[in-house]
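Numbers restart at 1 for each chain; the letters A, B, ... are given by sequence-line order, proteins then strands. All heavy atoms count here, side chains included; hydrogens, waters and symmetry mates do not. Here the structure is a predicted model, which is why all the values come from computation and not from measurement.
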2 protein chains.
Amino acid sequence: MKHLIPLDNLIAALSRLPGIGKRTAERMALALVEDSSGLPRILAHALLEADEGVVCCSRCGSVTLAAENPCELCVRPRRDSHMICVVEHPGDIIKIEESGGYQGRYHALMGKLSAMQGKGAADLRVDTLLKRLPDEKISEVVIALGTDVESDATASYLREVLSTRGVKVSRIAFGLPAGSAIEYSDATTLARAISGRQEMN
Amino acid sequence: MKHLIPLDNLIAALSRLPGIGKRTAERMALALVEDSSGLPRILAHALLEADEGVVCCSRCGSVTLAAENPCELCVRPRRDSHMICVVEHPGDIIKIEESGGYQGRYHALMGKLSAMQGKGAADLRVDTLLKRLPDEKISEVVIALGTDVESDATASYLREVLSTRGVKVSRIAFGLPAGSAIEYSDATTLARAISGRQEMN
């Protein structure tokens with residue numbers, strides 16, 4: 001069957017979305033061609049509007065309106081302005097905000113150290129983090145990265161870099177997730193939960 | 001956290017893609033905001049180009065260039081022009097073409113009968129199929145629908161409707177897929193393979 005160039009281009013663009021393989025992109029592209037509800041134009045419009053109207057905050061990296069930069073999280077006076085929570089992606093900030101468990105400032109690295117993806121420290125927003133420490137008189141940096149090897153490497157790197165900056169460096173706790181039982185926990189989670197045990201007062 | 005309207009709109013539009021839930025759409029939207037490779041504009045452009053340049057063939061429903069309508073499959077003289085293969089979606093035509101097992105014309109219904117989705121016969125391209133039979137002097141209709149209940153209902157409906165039209169109606173075979181073993185086949189597949197057994201000559 002002959003290749004249709006505009007369809008191939010659409011499949012190629014859709015394939016670049018996270019988690020979308022070639023087969024899924026093909027299925028999406030065909031559904032878009034078959035669609036009679038105007039979805040292709042609605043989606044194109046939404047993409048252009050978001051591209052113009054939504055940015056990553058120049059200070060913390062969180063998603064914000066282009067018209068509100070630095071973002072609300074960076075400027076709201078009620079928040080603890082001497083604490084910075086370091087995350088991998090802007091989406092992590094949304095998750096932590098939803099948890100209600102943190103009231104300080106944020107800093108998204110826009111990635112983590114990754115030999116696989118060829119990402120080094122220079123590719124992360126570490127310089128801007130270091131600059132913020134004296135500028136904002138930061139006293140504690142909370143590292144909120146995941147539990148994989150690359151997150152561990154990134155956390156170790158940050159601890160090293162921050163060790164001479166006169167700030168307290170902490171990392172969020174690893175242990176049993178809410179609602180889980182010992183019986184169903186994997187060995188690594190249990191080992192981490194035990195080594196991270198806290199004294200009961 | 002405050003809602004960003006352009007981001008919410010993008011998430012809503014992405015959620016309408018097939019197989020994309022709200023969580024996945026959120027992840028995609030955040031990746032698009034974070035993206036620094038120009039993907040939002042590339043994707044928007046590809047959507048608009050495809051929306052203008054690619055259509056479903058007005059005759060068979062296959063995807064084709066807007067400038068080639070009726071499509072190549074409908075007009076190519078080398079193909080058997082007295083046979084129509086009825087499929088659910090344009091994507092099915094691509095799969096069958098890739099198989100190399102069919103050389104006739106096609107007709108995509110753009111769906112199947114579905115009580116769940118409220119799809120009746122009037123929502124499918126049945127009228128245009130019936131009109132094509134005398135116009136193109138069709139002698140055989142091959143129904144190439146899947147094996148689910150809705151496909152079975154649609155096939156039965158078509159057989160009924162076509163019974164008075166003087167055409168042979170066939171349905172593609174169900175049985176063991178290529179490379180499979182009896183040992184690993186499920187009961188329904190085996191039962192269908194046995195009832196569909198063919199005499200060996």
Pick from [options] with the largest number of heavy-atom pairs that fall under 4.5 Å of chain B:
| options | value |
| --- | --- |
| A:Thr64, A:Asp35, A:Thr24 | A:Thr64 |
| A:Met110, A:Glu52, A:Arg27, A:Arg16 | A:Arg16 |
| A:Glu49, A:Glu34, A:Met28, A:Glu26 | A:Glu34 |
| A:Leu14, A:Leu32, A:Ile5, A:Val54 | A:Val54 |
| A:Cys56, A:Ala108, A:Ala12, A:Gly53 | A:Cys56 |

(message) Suppose a student defines contact as a heavy atom less than 4.5 Å from any heavy atom of chain B. Which residues in residues 36-48 of chain A would they list?
(response)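 Checking residues 36-48 of chain A against chain B gives A:Ser37, A:Leu39, A:Pro40, A:Arg41, A:Ile42, A:Leu43, A:Ala44, A:Ala46, A:Leu47, A:Leu48.
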
(request) Name all residues meeting the side-chain contact (heavy atoms from CB on, under 4.5 Å) criterion together with A:Thr147; count only those two or more places apart in sequence or in a different chain, and write none if there are none. (result)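 side-chain contact (heavy atoms from CB on, under 4.5 Å) check on A:Thr147 returns A:Phe174, A:Arg192.
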
(message) Listing request: all side-chain hydrogen bond (donor to acceptor under 3.5 Å, both in side chains) pairs with a residue in residues 5-14 of chain A, at least two apart in sequence or in separate chains.
(response)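 Found A:His3-A:Asp8.
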
(message) Just to be sure I understand the criterion: a residue of residues 131-146 of chain B counts if one of its heavy atoms is under 4.5 Å from a heavy atom of chain A. Which ones qualify?
(response)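 Those residues of residues 131-146 of chain B which would need a heavy atom under 4.5 Å from chain A do not exist here.
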
(message) Any heavy-atom pair between the side chains of A:Pro6 and B:Asp51 that's under 4.5 Å?
(response)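 Side chain of B:Asp51 against side chain of A:Pro6, heavy atoms only: no contact under 4.5 Å found.
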
(request) Quick one: closest heavy-atom pair of B:Gly91 and A:Leu30, and the distance? (result)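 Where B:Gly91 meets A:Leu30 most closely, the heavy atoms are CA-CD1, 3.4 Å.
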
(message) Among B:Pro18, B:Ala31, B:Gly61, which residue has the highest count of heavy-atom pairs closer than 4.5 Å to chain A?
(response)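 Heavy-atom pairs under 4.5 Å are most numerous for B:Pro18.
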
(message) Counting neighbours of CD on A:Gln198 that are heavy atoms of other residues, nucleotides or ligands and sit closer than 6.0 Å, is the number greater than 12?
(response)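 Counting other residues, nucleotides and ligands, CD of A:Gln198 stays at 12 neighbours or fewer.
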
(message) Could you measure the distance from the CG atom of A:Leu17 to the CD1 atom of B:Ile20? Nearest 0.5 Å is fine.
(response)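 Between atom CG of A:Leu17 and atom CD1 of B:Ile20 there are 8.0 Å.
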
